[in-house]
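So the structure is just underneath, and the comments pick up after that.
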Protein chains: 2
Amino acid sequence: MPDRPRRIPEATVTRLPIYLRILSELGGERGATVSSERLAELAGVNAAKVRKDLSYLGSYGTRGVGYEVEYLLFQVSRELGLTQDWPVVIVGVGNLGRALADYAGFTSRGFPVVALIDDDRSKIGTEHVGLTVQPVADLPRVVVERAVTIGVVATPPGAAQEVTDRLVSAGVTAILNFAPTVLTVPEGVSLRKVDLALELQILSFYQQHRESAPSASPARRT
Amino acid sequence: MPDRPRRIPEATVTRLPIYLRILSELGGERGATVSSERLAELAGVNAAKVRKDLSYLGSYGTRGVGYEVEYLLFQVSRELGLTQDWPVVIVGVGNLGRALADYAGFTSRGFPVVALIDDDRSKIGTEHVGLTVQPVADLPRVVVERAVTIGVVATPPGAAQEVTDRLVSAGVTAILNFAPTVLTVPEGVSLRKVDLALELQILSFYQQHRESAPSASPARRT
DNA sequence: GCATGTGAATAGATTCACAGCG
DNA sequence: CGCTGTGAATCTATTCACATGC
């Protein structure tokens, strides 16, 4: 009996999706294996890190051989909770919100977009990718009826916290924030952010310090 | 004479833009000050962390008082290299690329989008936000003529590495990658990524582990 | 023999707690 | 007195290096 209940470090969690992607690209025939060395190369990280990361999931490799791609793929998927769908609602149907709604990778990878929300009069009732834009007031009903667990916030910064509060009180327990604002959520709600301006400013820092400090560059792989 | 040459930790660099945003929102009258405690609250972090982060820039606070907002704002800006513009080229003019090109925050915050690149026949020559879409072959000229330093990769995953190589050989020294692929760049080139699927999968992990481990949630603030 | 799995060593980031100074 | 600035303590993550077992 494998001993499951290890606590997976946050840093490891952020890398699991990368391994997942690489494994699914490797695909290959049944029984194909991959070494930690090779996986590490493809993921742009250290091989020991790959082994330690994977060891948190269990002992899924074979000494002297490596990891069976298909089996490991399944185990990583399961650990990430990707054996089920997680319906998503997108709030804010501006340029970014629409681009996100269009993004096929969302739905195809287990995150079906089931509703679009916006309080702009001129947008309510319009259609995108087969969905009718609904007002914020519809959130409680939509969240319950469509079993929404993840809310994507793509509103202007001024509206983001209020929208988040509404999502949370409607029952959403995970938020992905694209608005350039610091959000606060209650204990127990997961929060991740994607901030374009912030990423550019980080790059700007390293540009700025390029001449003065020749090797002051950030991580070389993604 | 303030002693400049401290090496700023990467973790600190990623937080400077957050402080910057908060400081600029605080704005306020000339001479207004803010304490590390208050800054920390607004940034959703620990006050000691704020002080340590800011101390890497120099000694810009006043004991018993706090930090002068306007002065600190300038110092953080300067450290991030935001006292100058960093022209950006966007490669890949799909939904996401267009949304990025439209995103006013880019240009207004010192990252003017000076060119749009795509190798799709049907897109070359079309216009967006006053820019004509150009082929990849134009990169070397555009990068030199427009002094481009940052390349945004918004292509499908299959094209991302090739496009990146072209950007780098054209002279671009910082890459922001939106394609769901691991990119490799030469030593000395900065690389950051924004990966939507990855963020959703991380949230999925914490959703999955919600019942079983009540307090296994990630960072609560952004 | 060979690649995993993991203790031990190291490096890095966060937090504590308080001395120092306006 | 109050808040910064920072050594020291702690916690987290990474890397090394090798015993383990297929």
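Computed from a prediction, not measured in an experiment: that's the story for all the values here. Letters go in sequence order (proteins before strands), and every chain restarts at 1.
Checking the phosphate oxygens (OP1, OP2) of D:dC3, no side-chain nitrogen or oxygen of B:S35 falls inside 4.0 Å. OP1 or OP2 of C:dG22 has not a single side-chain nitrogen or oxygen of B:Y67 nearer than 4.0 Å. Within the 4.0 Å cut-off from OP1 or OP2 of D:dA13, not a single side-chain nitrogen or oxygen of A:N46 is found. Regarding contacts with the backbone of C:dT14, a side-chain N or O of B:R15 is found under 4.0 angstrom from either OP1 or OP2. Put simply, B:S59 has a side-chain N or O that comes within less than 4.0 Å of OP1 or OP2 on D:dG5. Distances shorter than 4.0 Å separate none of the side-chain N or O atoms of A:Y60 from OP1 or OP2 on C:dA3.
As rounded to whole Å, 15 Å separates atom P of D:dT4 from atom OH of B:Y71. Summarising the geometry, the separation between CD on B:E68 and C1' on D:dC3 is reported as 16 Å, rounded to the nearest angstrom. Rounded to a whole Å, the OH atom of A:Y56 is 10 Å from the C1' atom of C:dT6. Residue A:E37 contributes atom CD, which lies 15 Å from atom P of D:dA17 at whole-angstrom precision. Atom NZ of B:K49 and atom P of D:dG5 are 18 Å apart (whole Å). In this structure, CG of B:L72 is placed 14 Å from C1' of D:dG5, rounded to the nearest angstrom. Distance B:R63 CZ to C:dC21 C1': 5 Å, rounded to the nearest Å. The CG-C1' distance, from A:L39 to C:dG5, rounds to 15 Å in whole Å.
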Open item on the list: Applying side chain to side chain donor-acceptor pair (under 3.5 Å) to B:Q161 and B:T181, what does each step give before you reach the verdict?
Closed with: CA-CA 8 Å; B:Q161 182 64 58; B:T181 322; over 6 Å; no
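Distances from the side chain of B:T62 to the nucleotides C:dA13, C:dG22, D:dA13 place C:dG22 closest. Relative to the side chain of B:E10, the nucleotides C:dA13, C:dT15, D:dG5 differ in distance, and C:dA13 lies closest. The side chain of B:R51 has D:dT4 as its nearest neighbour among C:dT4, D:dT4, D:dA17. Counting only heavy atoms from C-beta on, A:K52 has its side chain closest to D:dT14 among D:dA13, D:dT14, D:dG5.
From A:S36, atom OG reaches atom CG of A:D53 across 11.0 Å, with rounding to the nearest 0.5 Å.
A donor-acceptor contact closer than 3.5 angstrom links the side chains of B:W86 and A:S204.
Taking 4.0 Å as the cut-off between side-chain N and carboxylate O, A:R109 and A:D85 do not count as a salt-bridged pair. Looking at B:R98 and A:D102, no side-chain N of the basic residue comes within less than 4.0 Å of a carboxylate O on the acidic one, giving no salt bridge.
Along DNA chain D, the nucleotide closest to B:A48 and the one closest to A:A48 are compared, and the more 5′ of them pairs with B:A48. Along DNA chain D, the nucleotide nearest to A:V65 and the one nearest to B:V65 differ in position, and the one closer to the 5' end is contacted by B:V65.
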